[in-house]
Amino acid sequence: MRPPAAGTTRLLYGAGLAAALLLPAAAPAQAEPPSRTPAALPAADGAKGQELPGMPTALDPRAEAVVCTPASKEKAKKQDWSRQRLDLDRLHRHTTGAGVTVALISTGVDPGAEGLDGRVTARGEAADDCVGQGTFLAGLIAGAGSTTPRLAGVAPGAKILALRGTDRRGQPDPALVTAAVRAATAAKADVIAVAVALPRKDAALTRAVAEARKAGAVVVAAATPDPPSRGSGDEIPSRTYWPAGEPGVLAVADMLPGGTRPDGALPTGTVDLAAPGAGVVSGGPRGKGHYLGGGVAVATAYAAGAVAAVRATHPDDPADAVTRRLTATAYPADIPQLDAYAAVTTVLGDSAAPAAGAKRAAEPVAVRDTSATDRATGRATLFVLLGSAGVLSLLWAGFALSRARARGWRPAGAGTTEG
């Protein structure tokens, strides 16, 4: 089976944002299930784009033979919307996440992948990433961007510990996820990113997550799986997925460029942050080309990269303080939107609490489009700072003048009176 051949994904750059449009193509012999390809990505008008293959989240479990995702022959030439939204260019002037290890539990990671060479340790079968998604996510967390530095990950100086939480086709396995969390804890990983979501609570996984948190790791997890089918019309009740539902775990959901959740997103009451999860560019395990991907795992990777950046900048902060910093500095919305730059640079008091609206949502919610607001806020902040500086200057001048007069000073040319 050839997963990316199910369609041609076109990357469009318009109005400063990158978006994706799935263009029709001849159907392959064995089509990928709708939920396994980034088919429901946002569209943009007006700009010529470039074609990039889609990165699947899993391979077809019905296929008799396992055919790995082929190498991409295309390279993205511009920074996508997600990196602009997270302000990564400015973030990297403060930190690259150096000295931090992120354990990534997914489909595996190719240690020799473009932009990751020398910073990936893969345990056992985790070095074999047939699906490609794990390597794609690793690039978002710690990729160096290679020949396109503006496509670097959130923490390009961090190290990746690759662990397999799925079978070779990308199907999640509770036993593998549990073993991976334990291995990450034993390796003293600073951040544990679980890119899969399990439908049932598992006692062994609960214990493993508790042990990881006790050891000081920040655990970040996908709040839900990707929808089983898009546009099916079936109403799916809200439920909790695991390990995102475990106490202290930072649960992450995906959002579109406009700030909303994707159509058909699975409802859950376990969401702490929303992060970019559509029309995102990264590399893969084969070749030097780029792919276009999306979904909750992509958002989880971005959040994990932000945690790595925070841990590098605030190394003495305990895990709970790091999690609180991510939620307290997020852009306020029904589901707070990840702000990686603010998470690293904001000075928080001891009593810092999560931003307004930072509670877990009971239903899928709409998140504000902040693209215009962010620019307006930046201008307003500048005006406030300039105005404040002017007021302070006047106050200081008045204070200095009164003090000088008290000491007998007079302006030049003024007469004096001898006593």
Side-chain angles (χ1 to χ4, degrees), residues 82-83 85-104 140-142 153-158 184 188-194 209 212-223 243-244 246-255 270-276 299-361 367 370 374 377-378 381:
S82 62
R83 289 167 170 86
R85 183 62 166 267
L86 297 177
D87 216 353
L88 297 191
D89 289 342
R90 281 207 301 167
L91 173 66
H92 293 158
R93 293 199 286 268
H94 288 270
T95 181
T96 62
V100 176
T101 298
V102 180
L104 175 59
L140 299 179
I141 297 172
V154 183
K188 298 182 180 180
D190 304 288
V191 187
I192 302 176
V194 186
V209 169
R213 296 193 64 248
K214 185 177 180 180
V218 176
V219 182
V220 184
E246 297 293 348
V249 173
L250 187 68
V252 184
D254 52 339
M255 71 180 188
T270 312
V271 180
D272 296 308
L273 281 178
T300 303
Y302 268 143
V307 172
V310 169
R311 300 222 84 167
T313 312
H314 305 276
D316 296 329
D317 284 2
D320 287 343
V322 173
T323 301
R324 185 174 68 249
R325 173 174 283 275
L326 267 289
T327 55
T329 59
Y331 190 92
D334 292 332
I335 300 178
Q337 300 172 14
L338 175 66
D339 188 335
Y341 178 76
V344 166
T345 59
T346 300
V347 177
L348 297 178
D350 293 337
S351 60
K359 60 184 179 181
R360 296 177 182 240
V367 198
T370 65
D374 292 343
T377 301
T381 302

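As a basis for the values below, the full set of heavy atoms in this structure was taken, side chains included, without hydrogen atoms, waters or symmetry mates.
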Mind checking what makes salt bridge (charged side-chain N to carboxylate O under 4.0 Å, His left out) contact with Arg83, not counting sequence neighbours?
-> Asp80
Just by modelled atom types, is the Ala343 backbone N or O under 3.5 Å from a matching donor or acceptor in the Thr346 side chain?
-> no
Between Leu326 and Ala306, the two heavy atoms sitting closest are CD1-CB, 3.9 Å
Rounded to the nearest 0.5 Å, how far does OG1 of Thr327 lie from CG of Leu250?
-> 7.5 Å
Interatomic distance, Leu91 atom CG to Thr313 atom OG1 [nearest 0.5 angstrom] = 7.5 Å
Heavy-atom closest pair (Ala253 atom, Val271 atom, distance to 0.1 Å) is CB-CG1, 3.8 Å
dist His314:NE2 -> Asp316:CG (nearest 0.5 Å) comes out at 10.5 Å
Does any pair with a residue in residues 86-100 pass salt bridge (charged side-chain N to carboxylate O under 4.0 Å, His left out), and if so which ones, sequence neighbours excluded?
-> Asp87-Arg90, Asp89-Arg150
Between Val209 and Pro243, which heavy-atom pair has the shortest distance, and what is it?
-> CG2-CB, 3.9 Å
Any idea which heavy atoms bring Pro276 and Tyr302 closest together, and the distance?
-> O-CD1, 3.6 Å
Using side-chain hydrogen bond (donor to acceptor under 3.5 Å, both in side chains) as the criterion, list what pairs up with Asp317, not counting sequence neighbours.
-> none
Value rounded to 0.5 Å, distance of CG in Asp339 from CG in Leu86 | 8.0 Å
Is any side-chain heavy atom of Val219 closer than 4.5 Å to a side-chain heavy atom of Glu246?
-> no
Just wondering, do Val218 and Thr323 contact through their side chains at under 4.5 Å, heavy atoms?
-> yes
Is the shortest heavy-atom distance from the side chain of Thr329 to the side chain of Leu348 under 4.5 Å?
-> yes
Heavy atoms only: give me the nearest Pro156-His92 pair and the separation to one decimal.
-> CD-NE2, 3.4 Å
How many angstroms lie between OG in Ser82 and CG in Leu338, if you round to the nearest 0.5 Å?
-> 11.0 Å
Residue pair Val154 / Leu88, side-chain heavy-atom distance below 4.5 Å | yes
Side chains of residues 94-103: which donor-acceptor partners sit under 3.5 Å, not counting sequence neighbours?
unit_1, atom_1, unit_2, atom_2, d
Thr95, OG1, Gly97, N, 3.0

Contact summary for Ala303 and Val252, nearest pair of heavy atoms = CB-CG2, 3.6 Å
For Ala155, the side chain to side chain contact (heavy atoms under 4.5 Å, CB included) test, sequence neighbours excluded, returns Ala158, Ala308
